[in-house]
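The structure displayed is predicted, hence computed values, not measured ones. Chain letters run A, B, ... following the sequence lines, proteins first and then strands; every chain starts at 1.
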Amino acid sequence: MKEKLKNLEEALAPISSGNTLTIGGSLLRRQPNAAVRSLIRRGVTDLTVLTWAATTATDMLAAAGALRRYEGIYTGMFSYGLAPNFRRAVEQGAIEVRDFSETAMVARFRATTQGLEFMPIKTLLGSDIARHNPEQIRPFPCPYTGEPLQAVAAAKSDFTIIHGYVGDKYGNVQWPIVRDSDDIDQMMASAAKRLIVTVEKIIPHEEIMKRPTLTYIPGNWVEAIVEVPYGAHPVSCDGHYDEDDAHLTDYLARSKTAEGANAYLDEYARRPAGHDDYIAMVGGLSALRTLDVQP
Amino acid sequence: MKEKLKNLEEALAPISSGNTLTIGGSLLRRQPNAAVRSLIRRGVTDLTVLTWAATTATDMLAAAGALRRYEGIYTGMFSYGLAPNFRRAVEQGAIEVRDFSETAMVARFRATTQGLEFMPIKTLLGSDIARHNPEQIRPFPCPYTGEPLQAVAAAKSDFTIIHGYVGDKYGNVQWPIVRDSDDIDQMMASAAKRLIVTVEKIIPHEEIMKRPTLTYIPGNWVEAIVEVPYGAHPVSCDGHYDEDDAHLTDYLARSKTAEGANAYLDEYARRPAGHDDYIAMVGGLSALRTLDVQP
Amino acid sequence: MPENKIDFTTNELVTALISREIRDGDLAFVGVGTNGRAFTLAVGIPLTAVRLAQMTHAPAASVYWGNLLEPDLSSMPADLRQDSFTRWQAAACPSDTGVKCDMLARRAFDVCFDSGAQVDRFGNLNITAIGDYRKPKVRLVGCLAQPEHFAFVPRPIVVVDLDRRVFVEKVDFITSVGHLRGGTSRRDVGLSEGGPHIVVTDKAIFDFAPDTKAMRLRSLHPGVGLEEVFDNMGFRPVVPDEVPTTPSPNARELELIRQVIDPNRVLLRV
Amino acid sequence: MPENKIDFTTNELVTALISREIRDGDLAFVGVGTNGRAFTLAVGIPLTAVRLAQMTHAPAASVYWGNLLEPDLSSMPADLRQDSFTRWQAAACPSDTGVKCDMLARRAFDVCFDSGAQVDRFGNLNITAIGDYRKPKVRLVGCLAQPEHFAFVPRPIVVVDLDRRVFVEKVDFITSVGHLRGGTSRRDVGLSEGGPHIVVTDKAIFDFAPDTKAMRLRSLHPGVGLEEVFDNMGFRPVVPDEVPTTPSPNARELELIRQVIDPNRVLLRV
């Protein structure tokens with residue numbers, strides 16, 4: 001096995017402006033926010049982003065003006081409403097958007113996982129999702145019945161960034177038994193070309209080996225693994241900590257204007273030297289521990 | 001939720017001669033042998049069977065002359081060599097065989113799971129597996145690249161029989177954390193039209209609800225669930241008991257001739273009134289408990 | 001929804017109505033929703049209705065919510081924090097949400113609940129964008145699995161408030177294909193039978209005319225007149241000769257909703 | 001394999017040879033095999049070779065075995081009973097074997113090991129049936145993932161004993177497409193570059209001529225002559241002007257095999 005433990009900046013160093021990124025997490029869970037703040041700090045821009053149900057990570061990239069193109073199933077703030085910065089940028093025509101339904105996006109990651117250029121679906125027959133995207137949703141007939149099907153294009157990205165629960169230095173990432181599984185992180189990981197995983201905690205390889213069925217991202221798929229406690233803050237990591245309501249409320253309030261959002265990013269993404277600084281900014285570990293939930 | 005608890009004979013009653021069955025398990029693990037013995041006892045015949053890595057369940061059906069057609073990736077006896085009765089029947093031309101590679105068989109169950117008539121693969125280009133099966137493995141061009149692909153036909157069966165670990169009366173079946181996962185039981189379950197599951201033990205619904213991530217077969221997919229302790233005997237149920245080496249050795253010795261195999265079936269499948277009788281025949285629970293492994 | 005003059009709220013009225021649409025053994029998809037009134041429409045009313053059905057005539061009805069299959073509706077989360085969802089007990093929590101997608105595509109669901117920003121004469125739904133898709137007036141959330149709902153679920157139930165901005169002649173963007181352009185147009189593009197079954201609003205219930213597939217008034221809520229309905233719609237629905245009144249909830253239904261299912265008015269708050 | 005005159009067995013010779021084919025970071029697929037000599041060929045030699053590579057020049061080499069990704073080769077199961085496999089510690093045990101299938105199809109493996117009943121001039125492999133497929137002389141096990149190995153893995157290593165019944169001009173059934181009919185025929189049917197890389201036997205090592213893709217003698221084991229090889233093959237391989245001798249294992253390799261990896265001769269027993 002190969003050691004893949006890096007610090008956040010080292011792990012993200014290969015990512016550059018113009019790249020296509022797959023970003024994991026779903027709704028207010030396991031958004032790789034620490035990684036995204038680091039990219040914003042470095043000024044990476046002109047990104048194409050593929051997501052599942054996106055919230056903070058994608059909205060911060062939109063606020064930073066770093067999003068050129070977006071492909072996903074949802075961007076919003078879950079119980080907090082719409083995603084203010086993403087919404088503003090899209091309404092200004094600043095982001096090229098391609099919408100996909102859940103079945104379609106799943107099919108795209110499965111295609112890549114299975115080494116194919118497409119997967120067949122029949123979900124989007126007649127919809128404007130397909131009408132606006134003839135490049136990535138193509139009609140073709142079923143080879144058995146002749147019925148109309150749609151071939152959705154495989155999800156291809158240069159890098160995939162996922163925030164996981166715990167892992168070892170070889171990149172094996174495990175999930176807890178009690179968790180919220182309403183996402184496609186494992187699918188994104190299996191489809192990744194270059195996979196960077198941040199985890200709440202690095203644990204000994206011996207612990208991983210005792211329960212190999214809990215490994216949802218095998219180290220074999222991983223390029224770099226980074227220990228980033230509270231790496232999803234201000235959203236939650238299920239089984240570890242809850243979302244930070246006060247911080248999210250503040251984020252949304254400041255995001256009412258582009259200037260407010262930019263000031264937020266200056267304060268929380270651009271000015272801190274790194275994730276440790278960020279943690280200090282939001283009150284330190286002692287403040288974050290108040291968000292902890294029972295494991 | 002609907003109660004789905006039945007006894008073995010009730011659960012299997014809808015299955016009749018001429019049906020197509022998907023049979024779960026892999027190698028010397030979780031073959032639904034008790035269910036198969038019950039079908040043999042009832043004289044069900046003329047079956048088409050779809051399997052993963054098949055051993056005893058399929059070989060006993062072959063010995064009983066109940067197999068008309070077979071579609072799978074492997075039939076043998078793992079570390080015990082070839083499957084004697086299946087082999088004999090195939091060599092006599094008595095069973096119509098369609099071979100599939102693992103990727104192809106997985107694609108077939110995934111197609112059904114996803115409500116499609118086929119899945120694309122490129123594994124079998126140029127192989128005799130495809131040449132001998134133009135009905136179920138059809139060439140078609142990739143809608144994106146034009147490269148040659150193969151459409152494998154969805155796996156369709158009238159009934160699916162799986163032997164699981166533990167479940168509740170609503171049909172929710174859970175796996176243990178430490179297990180051997182080298183099979184496609186979950187995929188077969190999701191693709192099932194009518195799913196019958198035998199389990200080692202029925203446990204309270206409250207226990208299931210505590211760890212819903214361990215439910216690999218949701219009761220929603222299940223038509224009937226049956227408590228059948230040692231239901232995989234003489235093969236193993238990983239985490240519960242090991243294979244019965246003496247019994248398997250005897251089975252293989254007697255299966256050297258069709259008559260021997262038939263006498264075996266008389267003794268262990270046709271003559272016992274049911275699974276309880278079978279357990280008594282093989283030495284009772286006390287004898288079987290010597291096969292138990294640490295949970 | 002505002003209180004009616006009679007002794008039940010409109011939320012209670014439509015919840016009871018929806019619960020009677022649920023058949024024993026139905027598997028219903030409920031979305032994860034957002035906050036405020038949108039939460040009531042997308043989550044609160046549907047969960048209450050299915051639970052009510054379980055407690056009255058459909059004990060084997062169940063729900064897929066988030067990625068929980070058959071969560072325990074007898075003890076619903078008391079708040080919307082992640083940990084409350086994480087620990088919600090259920091029969092199954094599959095390893096990823098692809099399992100749900102597959103169940104949708106293989107038509108394993110019977111009913112689903114959908115809300116949206118626009119719905120049109122033929123029941124097409126828009127949750128993606130208002131205005132020009134490339135540079136929209138309002139960018140909404142996207143698609144989620146709502147296209148799947150209309151494509152694959154036999155009986156989708158749309159839950160929205162009656163509003164002229166919502167009920168438009170033609171949606172700006174077809175996220176979910178309903179009855180498309182009416183008639184056989186849905187089947188003609190390759191979709192199976194189905195499409196939206198009923199549309200439940202705070203003033204009336206609609207279904208779709210069997211031939212034209214145009215939205216049709218099915219019943220008016222107690223105290224609501226035809227003109228009030230027309231005033232709140234951007235198109236004129238089909239109106240049958242006789243328009244019945246939406247049946248009121250009975251005493252037992254109201255008691256269950258108020259005292260057992262939602263005693264703290266969390267689900268039907270607004 | 002019989003002992004040679006020199007101080008290593010043929011099993012040790014080929015194990016060391018294969019271990020040198022393993023590069024650092026390689027992911028190798030090893031089958032689950034059967035018993036006796038077939039177990040040695042399919043499982044014993046490959047596992048020993050990869051472990052030897054890990055301990056010498058390729059510490060980051062790893063194995064997918066059964067449905068275990070990176071099982072701990074420093075403590076291999078002592079027997080073939082199910083529970084020994086169930087409890088074999090590994091980095092990952094994915095939820096089903098479809099994960100392995102996908103990894104094969106997306107070319108995530110570097111090396112695989114294959115054995116079979118027949119292999120022909122162009123490296124096509126048969127593990128399905130001898131004789132007529134519909135009514136075979138000998139029905140074998142089927143296919144497993146061996147078609148995937150040859151279709152998708154860049155460097156498949158075939159491990160078989162040299163035998164006239166195994167090395168046939170043309171296999172009765174192409175389970176795994178090797179170099180098909182030679183030349184560009186493999187590419188012509190749509191398969192990617194690849195196909196069997198080397199064929200390791202108890203008497204010689206073969207590879208495939210770059211142009212014709214016909215099986216070519218790469219080296220003769222110490223003490224084995226050309227005629228002995230030809231006598232045990234149903235076709236004549238390409239023979240280069242100079243045929244080297246298969247390099248012998250060195251002292252350290254032998255020590256690791258004998259004292260550390262397989263001290264009880266479980267893996268290289270027969």
Ranked by heavy-atom pairs below 4.5 Å to chain B, first place among D:Ile174, D:Thr86, D:Asn126 goes to D:Ile174

Taking NZ, NE, NH1 and NH2 as the nitrogens, is one of them in D:Arg165 or D:Asp163 under 4.0 Å from a carboxylate oxygen of the other? yes

Among B:Ser79, B:Gly76, B:Pro139, B:Gly93, the residue with the most heavy-atom pairs under 4.5 Å to chain D is B:Ser79

Would you indicate whether the side-chain heavy atoms of B:Pro120 and B:Phe140 approach each other to under 4.5 Å? yes

Heavy-atom cut-off 4.5 Å, strictly under: side chain, backbone, both or neither for B:Ile129 against chain D? both

Please tell me if the side chains of B:His233 and B:Leu291 come closer than 4.5 Å, counting only heavy atoms from C-beta onward. yes

Option that, when pairs with chain B are counted at under 4.5 Å, heavy atom only, ranks first among D:Gly190, D:Ser192, D:Ala151: D:Gly190

At what distance, to the nearest 0.5 angstrom, does CD1 of D:Ile261 lie from CE of D:Met76? 6.5 Å

Find the one option among B:Arg87, B:Lys122, B:His132, B:Met77 whose heavy-atom pairs under 4.5 Å with chain D are most numerous. B:His132

Do you know which of B:Leu149, B:Thr123, B:Val235, B:Asp238 has the most heavy-atom pairs under 4.5 Å to chain D? B:Thr123

Give, as side chain, backbone, both or neither, the part of B:Asp99 having an atom under 4.5 angstrom from any heavy atom of chain D. both

Segment of B:Phe100 engaging chain D (4.5 angstrom heavy-atom cut-off): backbone

Go through the atoms of B:Arg131 and report whether side chain, backbone, both or neither lie under 4.5 Å from a heavy atom of chain D. neither

Within the side chain of B:Asp242, is there an N or O that forms a donor-acceptor pair under 3.5 Å with the backbone of B:Val293? no

Bottom line for B:Glu243: the part with an atom under 4.5 Å from chain D's heavy atoms is both

So do B:Glu71 and B:Asn133 actually touch side chain to side chain, heavy atoms under 4.5 Å? no

Where on B:Leu27 is there a heavy atom nearer than 4.5 Å to chain D: the side chain, the backbone, both, or neither? side chain

With a 4.5 Å cut-off on side-chain heavy atoms, are B:Pro84 and B:Asp59 touching? yes

Which of D:Ser84, D:Ser185, D:Cys101, D:Cys93 touches chain B most, by non-hydrogen pairs under 4.5 Å: D:Cys101

With ring centroids as reference points, do B:Tyr251 and B:Tyr80 lie under 6.0 angstrom apart? no

D:Asn124 (side chain) donor-acceptor with D:Val177 (main chain) under 3.5 angstrom: no

Check whether B:Leu124 gets within reach of chain D through its side chain, its backbone, both or neither, counting any heavy atom under 4.5 Å. side chain

Max heavy-atom pair count under 4.5 Å with chain B, selected residue of D:Thr128, D:Leu144, D:Asp132, D:Ile127: D:Leu144

Using heavy-atom distances under 4.5 Å, tell me whether B:Gln294 contacts chain D through its side chain, its backbone, both, or neither. both

Looking only at heavy atoms and a cut-off of under 4.5 Å, which of D:Val138, D:Leu180, D:Asp188 has the most pairs with chain B? D:Val138

Ion pair check, D:Asp102 and D:Arg106, cut-off under 4.0 Å: no

B:Gln186, B:Arg88, B:Arg179: which one forms the most heavy-atom pairs within less than 4.5 Å of chain D? B:Arg179

State, with a plain yes or no, whether a side-chain heavy atom of D:Leu68 is found less than 4.5 Å away from one of D:Phe85. no

Heavy-atom cut-off 4.5 Å, strictly under: side chain, backbone, both or neither for B:Ala94 against chain D? neither

With a 4.5 angstrom heavy-atom cut-off, is it the side chain or the backbone of D:Phe173 that approaches chain B, or both, or neither? both

Does D:Arg134 have more than 12 heavy atoms from other residues, nucleotides or ligands lying within 6.0 Å of its CZ? yes

Select one option (side chain, backbone, both, neither) describing which atoms of D:Lys100 are under 4.5 Å from chain B's heavy atoms. side chain

Pairing of D:Arg155 and D:Asp26 as salt bridge, 4.0 angstrom limit: yes

Specify which of D:Asp96, D:Leu191, D:Val141 makes the most heavy-atom pairs with chain B at under 4.5 Å. D:Val141

